[in-house]
Amino acid sequence: MKPVNPGTSRVLAHMSRRSFLRAGALGVTGLAAGGTRVAWAQGEAKRGGTLVVRSGPLRGIDPHLETWAAALQVIHQTYNALLKFNHDGTKIIPDLAESWEQKDDLTYSFRLRPGVKFHNVPPVNGRELTSEDVKYSIERQMTDQPGKFQHAYFFLGKLASIQTPDKYTIVFKTKEPYAPFLNYIASPWTVIVAREVVEKHGDLQRHAIGTGPFIMQEYRREQEAVFVKNPNYFKKGLPYLDEVRLQYVIDPVAATAAFRGQQTDISLLEFADVPSIKASNAKIKVAEITTMFPIVLRTRPYDEQRPLKPPFTEKKVRQAIQAAIKQEEFIEIVRSGWGATMTGPIPTYRKPWALPTAARPEFDLKKAKRLLSEAGYANGFETELIVGSPGDNVKSAQVVKDQLAKVGIQVNLKPMEMAQYYNKSYSYDYSMSVHTALTGEEPEEAIRPYYGANATYYRWGNREIHRLIDEQAKILDLKKRVEMVHLIQRMLLDDAPNVFLYTPITHYGVQPWVKNYTVPINAYDQRYEEIWLDGKKA
Amino acid sequence: MSRYVFRRLMLLLPTLALVTLLVFSIIRLLPGDIVTLMMSEQGYASDKAKLEQMLGLDQPFHRQYITYVAKVLRGDLGVSFWTKEPVLDEILRRLPVSVELAVLAMFFGLLIAVPTGIFSAVRQDTWLDYLFRTGAIGGLSVPGFWMATVVIVAASIWWQWVPPMRYTPFARDPVKNLSQLVLPAVILGLALSASVMRMTRSMVLEVLREDYVRTAWAKGLPESLVIFRHVLKNAMIPVVTVMGLQLSALLGGTVIMESIFVIPGMGKFLLDAITWRDYPVIQGINLFLATGVIVLNLVIDVVYGFLDPRIRFG
């Protein structure tokens, strides 16, 4: 999209928004439309230079004890996992493991790349990585540490044994078939750390010493993190950059200004600023990345202790709400077009797990009214909707109010401060809410914590769905598992506890001199090892 | 004098006790408690009772408070519930930044306010007086965050320029440090100068009508001597009060300025702590701020004595 003049660019921007909606409806994100990710490689690789990237708020940087996505900006530069996902998020590829095999339904064996060295800083001083480190790291990650954030659920209670027959071999045995196993091994949170570092510093919240392409030199939370090139990185010739700096900028206005003022090379931008930034310099690239945080309209949760209350006891009422919701309007009004429609709890770009477009519940006001009158609410009803403020979700709540009014449901909005909102949300006591959900590379992350038997984010007491969610995790055959995950999602659409509104699309500005930046499938994937700079800063 | 200061400092203790008690209870009364908030984060702790116990929130209120005060008296402000970083370290890291910004803002504020205030009073009802007064009303009406946004957006669009976003401590590189802080300090100073200017002007006008000023004129003293020796000194007392109040407000940090100019000060820290119900951090910051306000007030009272010999300490 090269603007001829600002006027044309506005028209083009608008057109592309429209086509976005279409792309979303087709079940693909804007960028994935071509099938492959765009790598902006031009000319020959150059070495040296400093890449400055805008970072968000960080709480801590321990990969095993942190859950905020911003921490991955540090983790990706300093650590490696056994395996990783490709930029599309569709395939698992080797990282520290040069090969792996699944010997039977329960046994996975990994062969480490020989000669991989930890960073040459104390206390590891560049010693070689061994299978013992892998064992230590997985065991550390799956240790339940009360009072800390964690990813223990990846493997806690799932593994029968971890063996290290030799320096480069590691063998995992699961207790029963565990389909998510490889996805969690390839998770960026499952990186390999060194025991000495943990023992020296107590945890890894302020130190990041691993095998990654960059060595962390300075870390000042909510200011900056500075990394220098790891000269002994195991991928020959990488990284190209001498230095990476994560610059904390919280204010969106300041972030856009910093990007315009060329103080940052890669920066998350507000969609409203994108057209003018593109117009100011046609060479600036803007990567459009669909987030992994879908926006969901929830109806009242329930479980054994908290039974449903009318009118939500009626499945037809929930289905009526689903039929009265028009996703496109949310995307247009709340995000000015920057959102993808949804077919179920799993975002549509997450293939093959997401339901096909055909499965998407239809927007049909007549059907909604019919369902309401069949449920005995021909004249609608009055209900309350809670939403955390400030943010886009307040706008979404207003659209919900507007859309449901058309079928006679009067929604009273109750925006509240985030802390109070979470409090209500997690005591599972509300009529309706607009919520930002979390998903992951592993498909069950979008389902189990919400609709599973021991769900914590939401509660839905449908036992059959609980059973199927437990079942799908044991199906190792990909095709069969996909079918089961689809079936669960169809059941959820039928039961309609939640209406899936949209998945936001975010923008990353990339300065013209940043080369070989591969647009990742989601913002989680922030690796800078293959980036080089050319013709820096005019 | 020293007895007066000592007595005033002793008064600090009951005031701080009251402040801590108030803050301590108010944050616990807010809807939305930290435990549920933490439970909402995946896998933080499996059961609520255990988490409450770990955070010490299972104890009755009075016991929590006594434990807290006992710790504070030993110089321990506790650790943040969320980051587990010691609160004292976090505050000491940010306080100097906020103090520097506040002092700079005050400096620019005075630089603008006092001369224009005096000038407006001495040349009352001239077009320059009207201009300065209009400017002051403007300064009072335009919010600082708006001005900061306009400045940063306009500069970035027109000249592709923004002040450096990377914070450098003053001790390491004064030039880099100031090049980041000057702009926000001037903007804060502008807003601040408006009220100080108006106060200076009206006080100078009042003092100008005093008998001793007429006497000074009658003695044939030059204008500069009358204004600076006889008028200004006596006019400054309420101005100092206003300045003191403004300075203590600035110490608490200025969230918007800090966010826009990426300054690691107290404001954003306090706001985040309140948003995430980080009790020890909120308590710690308030303790510091209360101490700051009390000490500042004391300093102002002492300054009165120098400005006006009629004021006695006793």
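Labels below follow one simple rule: chain letters A, B, ... track the order of the sequence lines, proteins then strands, and each chain is numbered from 1. No experiment lies behind these values; they were computed from the predicted model shown.
- Look at B:Lys268 and A:Glu222 and you find no salt bridge, because none of the NZ, NE, NH1 or NH2 atoms lies under 4.0 Å from a carboxylate O.
- The local environment of CZ in A:Arg306 is crowded, with over 12 non-hydrogen atoms from other residues, nucleotides or ligands closer than 6.0 Å.
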Derivation and outcome, side-chain contact (heavy atoms from CB on, under 4.5 Å), residues A:Val253 and B:Val153 | CA-CA 7 Å; A:Val253 172; B:Val153 169; 3.4 Å; yes
Give the C-alpha distance, both sets of side-chain angles, the deciding distance and a yes or no for side-chain contact (heavy atoms from CB on, under 4.5 Å) between A:Tyr422 and B:Trp276.
-> CA-CA 10 Å; A:Tyr422 281 128; B:Trp276 295 103; 4.3 Å; yes
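- A:Glu417 approaches B:Ile274 most closely through the heavy-atom pair OE2-O, 4.3 Å.
- Listed here is the closest heavy atom pair of B:Ser156 and A:Arg260: OG-CD, 3.3 Å.
- Heavy atoms of A:Ala152 lying under 4.5 Å from chain B are absent altogether.
- If you measure heavy-atom distances from B:Ile34 to chain A, you find no contacts under 4.5 Å at all.
- The closest donor-acceptor contact from the side chain of A:Gln263 to the backbone of B:Pro163 lies under 3.5 Å.
- Contact count against chain A (heavy-atom pairs under 4.5 Å) is highest for B:Met165 among B:Arg277, B:Met165, B:Gln160.
- Here the closest heavy-atom approach between residue A:Asp251 and residue B:Ser259 is recorded as CB-O, 3.4 Å.
- In terms of heavy-atom proximity, A:Gly261 sits nearest to B:Val162 at CA-CG2, 3.8 Å.
- With values rounded to the nearest 0.5 angstrom, A:Thr256 atom OG1 is found 9.5 Å from B:Ile157 atom CD1.
- For the atom pair CG (B:Leu30) and CG (A:Asn423), the distance works out to 11.0 Å, reported to the nearest 0.5 Å.
- Most heavy-atom pairs under 4.5 Å with chain B, from the set A:Glu66, A:Met416, A:Arg206: that is A:Arg206.
- When heavy atoms are compared at a cutoff of 4.5 Å, B:Arg166 approaches chain A by way of both its backbone and its side chain.
- Inter-residue side-chain proximity for B:Lys84 and A:Asp203 is flagged as unmet; no heavy-atom pair is nearer than 4.5 Å.
- Contact of A:Arg221 with chain B is made through backbone and side chain together, with heavy-atom distances under 4.5 Å.
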